[in-house]
Trainee: 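For reference, the structure I am asking about is given below.
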Amino acid sequence: MLQVNLIREHKEAYVKALAKRNFEAKSIFEKVLFLDEERRNTQTQLDKTLAESNRLSKEIGKLFKNGEQQKANLVKEKTANLKQESKTLTDKLNTVAEDLQDLLYTIPNVPHETVPAGVSEDDNEEVFAEGEVPKLNEKALPHWELAKKYDIIDFELGNKVTGAGFPVYKGKGARLQRALITYFLDKATKAGYTEFQVPLMINEASGFGTGQLPDKEGQMYHMETDDLYMIPTAEVPITNMFRDNLMTEKDFPISCTAYTPCFRREAGSYGAHVRGLNRLHQFDKVELVRIEKSENSYEALDKMVEHVKELLRDLKLPYRILRLCGGDLGFTSALTYDFEVFSTAQNRWLEISSVSNFETFQANRLKLRYKNKEGKKELVHTLNGSALALPRVLAGILENYQTENGIEIPEVLRPYTGFDSIS
RNA sequence: GGAGAAAUGGCAGAGUGGUCGAAUGCACCGGUCUUGAAAACCGGCGAGGGUCACACCUCCGGGGGUUCGAAUCCCUCUUUCUCCGCCA
């Protein structure tokens with residue numbers, strides 16, 4: 001959620017920046033500023049009314065104490081009007097404040113100056129690429145065929161137990177997945193992130209805090225009886241642990257990591273793009289979250305990018321980094337880098353990480369602030385990134401490491417898997 | 001799931017209808033003293049809105065109500081604790 005005072009100050013610049021997302025902000029901003037002024041005016045009127053009735057109440061108290069009942073009753077009559085008036089004003093205030101809030105919720109984050117304009121993923125900007133695409137022979141298989149051949153992932157079983165998009169990992173497949181998780185967590189811990197285990201369901205307030213609600217409730221699984229949502233990413237529980245916090249300088253840096261399953265409804269897709277592990281309703285992910293002072297946040301973003309690069313380098317997977325264009329940028333993000341691994345057998349790029357700086361957009365909703373050296377309260381910046389999302393990493397490994405004799409295990413994972421190949 | 005108790009500032013803990021935004025202690029910040037530190041003493045010290053700054057308004061778990069007036073009374077929800085039941 002954008003800050004109203006900043007909208008007032010930087011209206012023109014914001015309108016221009018939001019145009020990169022193809023978001024027409026001008027008239028909405030005008031409405032926001034109008035409602036905000038209305039809100040403040042109403043508040044002032046209400047305050048005056050309440051002040052007067054507070055004054056009278058105290059007077060009545062004194063009169064009663066002095067035994068001047070009659071005088072007190074006279075004053076009492078005067079309060080009736082004020083009461084009615086303050087009720088009317090309170091109602092008005094609530095309505096205006098709510099309208100303002102609703103409107104603010106519809107405005108996406110202002111893109112960073114480096115974000116290119118664009119309408120779709122085709123306009124994303126490649127900023128880095130590394131790693132060699134292996135030469136595979138003609139008989140190379142896509143990962144879902146490999147999974148079947150070596151009996152390490154069973155999609156049919158998942159269908160039976162739950163439904164499409166909930167695979168069952170078996171034997172060395174399960175072990176490889178666990179090895180990846182442990183490896184990622186170890187790397188994050190070494191890089192200074194504190195490991196957490198967090199709830200896999202969240203309440204409504206948390207959904208609002210990180211911006212999944214109110215817009216994207218269709219993306220999350222909802223437990224109606226208890227009004228809880230399955231997490232679509234660990235970002236939600238982790239970031240919300242800090243909701244309503246007022247931090248001090250000493251609390252920084254804050255860097256957290258967690259492994260969790262993630263649940264996404266992802267309605268509406270079909271075909272080869274959702275084959276196998278490409279898109280699932282339940283998948284595993286190791287997530288990084290950082291909470292930073294505004295002046296440090298972009299440095300922190302770079303560090304996260306470097307961290308993810310290192311993971312892919314270690315796994316020797318060919319990948320590229322994209323700077324998302326305005327049209328592809330998430331609602332809450334100011335700047336996002338997507339990492340994609342090249343899936344050789346499918347001959348396409350698979351997104352395996354997304355690293356973003358939300359600046360104050362989430363912090364404003366979360367009321368997550370810190371007291372700076374001058375004792376002034378400032379909103380913090382929140383950042384997060386996947387390090388990494390498992391299924392597509394697994395797909396990349398299976399496809400890129402396949403040989404005629406089986407699938408080799410990347411060197412760095414062997415201490416974790418306890419085997420060198422799957423055959 | 002059943003029975004009972006509780007929820008107050010960073011923490012502990014007073015406060016049961018009127019000058020209570022809230023005693024006191026600890027923690028924290030500033031000062032005096034000290035070679036330095038500790039102790040002692042003095043002062044400051046919750047949050048949000050509002051203002052150039054004051055004034056002023058709101059907040060004692062959340063929501064609603066009674067009253068001229070609520071931290072205090074009533075209703076309701078949530079959470080925590082104790083006991084019982086069930087249970088990985």
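Keep in mind that this is a model prediction, so the values were computed, not measured. Numbered from 1 within each chain, the chains take letters A, B, ... in sequence-line order.
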Trainee: With C1' as the reference atom in both, quote the distance from C29(B) to U78(B) in angstrom, rounded to an integer.
Mentor: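 So the two C1' atoms sit 36 Å from each other.
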Trainee: What integer distance in Å separates Asn5(A):CG from G50(B):P?
Mentor: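 From Asn5(A) CG to G50(B) P: 9 Å.
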Trainee: Between Lys367(A) (NZ) and G49(B) (C1'), how many Å, whole number?
Mentor: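 My rounded result for the distance is 12 Å.
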Trainee: Between atom CZ in Arg55(A) and atom C1' in U19(B), what is the gap in whole Å?
Mentor: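 Checked: the CZ to C1' distance equals 15 Å.
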Trainee: Taking the same atom, P, in A23(B) and in A14(B), what whole-Å distance lies between them?
Mentor: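 Their P atoms lie roughly 14 Å apart.
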Trainee: Is A55(B) paired to anything, Watson-Crick or G-U wobble with both distances less than 3.5 Å, and if yes, which nucleotide?
Mentor: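 Looking at the geometry, A55(B) pairs with no nucleotide.
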Trainee: Per the atom types in the model, does the base of G49(B) pair as donor or acceptor with the side chain of Asp47(A) at under 3.5 Å?
Mentor: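 Such a pair is found, so the answer is yes.
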Trainee: Where the side chain of Thr79(A) is defined as all heavy atoms beyond and including C-beta, which of U19(B), U58(B), C68(B) is the nearest nucleotide?
Mentor: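 Closest of the options to the side chain of Thr79(A): C68(B).
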Trainee: Whole angstroms only, please: what is the CG-C1' distance between Leu246(A) and G9(B)?
Mentor: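 After rounding, the reported distance stands at 13 Å.
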Trainee: Strictly distance-based, threshold 3.5 Å: is any side-chain N or O of Ser86(A) a donor or acceptor partner for the main-chain N or O of Lys83(A)?
Mentor: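 Yes, the answer is positive, given that a donor and an acceptor are paired below the 3.5 Å cut-off.
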Trainee: Any idea which of U58(B), C68(B), A47(B) is nearest the Lys371(A) side chain?
Mentor: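 The answer is A47(B).
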Trainee: Check whether any side-chain N or O of Asn54(A) sits under 4.0 Å from OP1 or OP2 of C56(B), and answer yes or no.
Mentor: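 Checking Asn54(A) against C56(B): no side-chain N or O falls below 4.0 Å of OP1 or OP2.
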Trainee: Would you call Arg55(A) and Glu59(A) a salt bridge, taking side-chain N to carboxylate O under 4.0 Å as the test?
Mentor: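 Here Arg55(A) pairs with Glu59(A) in a salt bridge, since their nearest N and O are under 4.0 Å apart.
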Trainee: At less than 4.0 Å, is any side-chain N or O atom of Asn41(A) found next to OP1 or OP2 of G50(B)? Yes or no.
Mentor: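 Result: no.
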Trainee: When you measure from the side chain of Lys377(A), which nucleotide among U58(B), C68(B), A47(B) comes out closest?
Mentor: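 Minimum distance to the Lys377(A) side chain belongs to A47(B).
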Trainee: In terms of side-chain geometry, is the basic nitrogen of Lys11(A) or Glu30(A) positioned less than 4.0 Å from the acidic oxygen of its partner?
Mentor: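 Answer for the salt bridge query: yes.
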Trainee: Check whether the side chains of Ser354(A) and Asp338(A) place a donor and an acceptor atom closer than 3.5 Å, and report yes or no.
Mentor: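 Yes, Asp338(A) and Ser354(A) have a side-chain donor paired with an acceptor closer than 3.5 Å.
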Trainee: Between U67(B), G49(B), G18(B), which nucleotide gets closest to the side-chain atoms of Arg39(A)?
Mentor: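 Of all the options, the side chain of Arg39(A) is nearest to G49(B).
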Trainee: My understanding is that a pair needs two contacts under 3.5 Å, Watson-Crick or G-U wobble. By that rule, which nucleotide pairs with C83(B)?
Mentor: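 Its partner is G2(B) (Watson-Crick or G-U wobble, both distances under 3.5 Å).
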Trainee: Give me the distance, rounded to whole Å, that separates G63(B) from U58(B) when you measure between the P atoms they each carry.
Mentor: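 The same atom, P, in both gives a distance of 15 Å.
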Trainee: With heavy-atom distances below 4.5 Å as the criterion, would you say the side chains of Tyr416(A) and Arg178(A) are in contact?
Mentor: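 Counting from C-beta outward, Tyr416(A) and Arg178(A) never come under 4.5 Å.
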Trainee: Could you tell me how far C20(B) sits from U16(B) if I compare only their P atoms? Round to whole Å.
Mentor: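 Pairwise P distance, U16(B) against C20(B), rounds to 13 Å.
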Trainee: Verify the contact: side-chain N or O of Lys62(A) to OP1 or OP2 of G18(B), cut-off strictly under 4.0 Å; return yes or no.
Mentor: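 Answer no for this pair, as no side-chain N or O of Lys62(A) is under 4.0 Å from OP1 or OP2.
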Trainee: In whole angstrom, give me the gap between the P atoms of C11(B) and C28(B).
Mentor: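 15 Å, rounded to whole Å.
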Trainee: Return the value, rounded to whole Å, for the distance between atom CG of Leu63(A) and atom C1' of U19(B).
Mentor: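 The distance from CG of Leu63(A) to C1' of U19(B) comes to 14 Å, rounded to the nearest Å.
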Trainee: Partner lookup for A23(B), please. Criteria are Watson-Crick or G-U wobble with both distances under 3.5 angstrom; report none if nothing qualifies.
Mentor: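 Per the H-bond distance test, none.
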Trainee: Could you give the distance separating G13(B) and U8(B) at their C1' atoms, to the nearest angstrom?
Mentor: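 So the two C1' atoms sit 9 Å from each other.
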Trainee: Can you tell me how far C1' of G50(B) sits from CD of Gln45(A), to the nearest Å?
Mentor: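 My rounded result for the distance is 14 Å.
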Trainee: Have a look at Leu180(A) and tell me which of Leu394(A), Asp284(A), Thr417(A) forms a side-chain contact (heavy atoms from CB on, under 4.5 Å) with it.
Mentor: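 That would be Leu394(A); it is the only one of Leu394(A), Asp284(A), Thr417(A) passing the side-chain contact (heavy atoms from CB on, under 4.5 Å) with Leu180(A).
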Trainee: In whole angstroms, how far is the P atom of G48(B) from the CZ atom of Arg40(A)?
Mentor: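 Taking atom P of G48(B) as the reference, CZ of Arg40(A) is at 17 Å.
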Trainee: Any strand counts, and the cut-off is 3.5 Å on both contacts for Watson-Crick or G-U wobble. Which nucleotide pairs with A7(B)?
Mentor: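 Partner of A7(B): U78(B).
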Trainee: State whether Arg369(A) places a side-chain N or O below 4.0 Å from either non-bridging phosphate oxygen (OP1 or OP2) of A47(B).
Mentor: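 Checking A47(B) against Arg369(A), no side-chain N or O comes under 4.0 Å of OP1 or OP2.
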Trainee: Under 4.0 Å between a side-chain nitrogen and a carboxylate oxygen: does that hold for Lys190(A) and Asp186(A)?
Mentor: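 Salt bridge: no.
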Trainee: When the C1' atoms of C33(B) and C81(B) are compared, how many Å lie between them, rounded to an integer?
Mentor: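 Here C81(B) and C33(B) have their C1' atoms 47 Å from each other.
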Trainee: Among C57(B), G48(B), C68(B), which nucleotide has an atom closest to any side-chain atom of Lys83(A)?
Mentor: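 That would be C68(B).
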Trainee: With both distances kept under 3.5 Å, what pairs with A40(B), Watson-Crick or G-U wobble?
Mentor: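 Checking every strand shown, A40(B) finds its partner in U32(B), with both distances under 3.5 Å.
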Trainee: Measure from CG on Asn81(A) to P on C68(B) and round the result to the nearest Å.
Mentor: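 Value for this atom pair: 14 Å.
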Trainee: If each of Leu50(A) and Ile60(A) is mapped to the nucleotide of RNA chain B with the nearest heavy atom, which maps nearer the 5' terminus, i.e. the 5' end?
Mentor: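 Looking at the nearest nucleotide for each, Leu50(A) comes out on the 5' side.
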Trainee: For the P atoms, the ones on C45(B) and on C54(B), what distance do you get once it is rounded to whole angstrom?
Mentor: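 Pairwise P distance, C45(B) against C54(B), rounds to 14 Å.
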Trainee: Relative to the 5' end of RNA chain B, which residue comes earlier, Lys76(A) or Ala51(A), by the nucleotide with the nearest heavy atom?
Mentor: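 It is Ala51(A) whose nearest nucleotide is closer to the 5' end.
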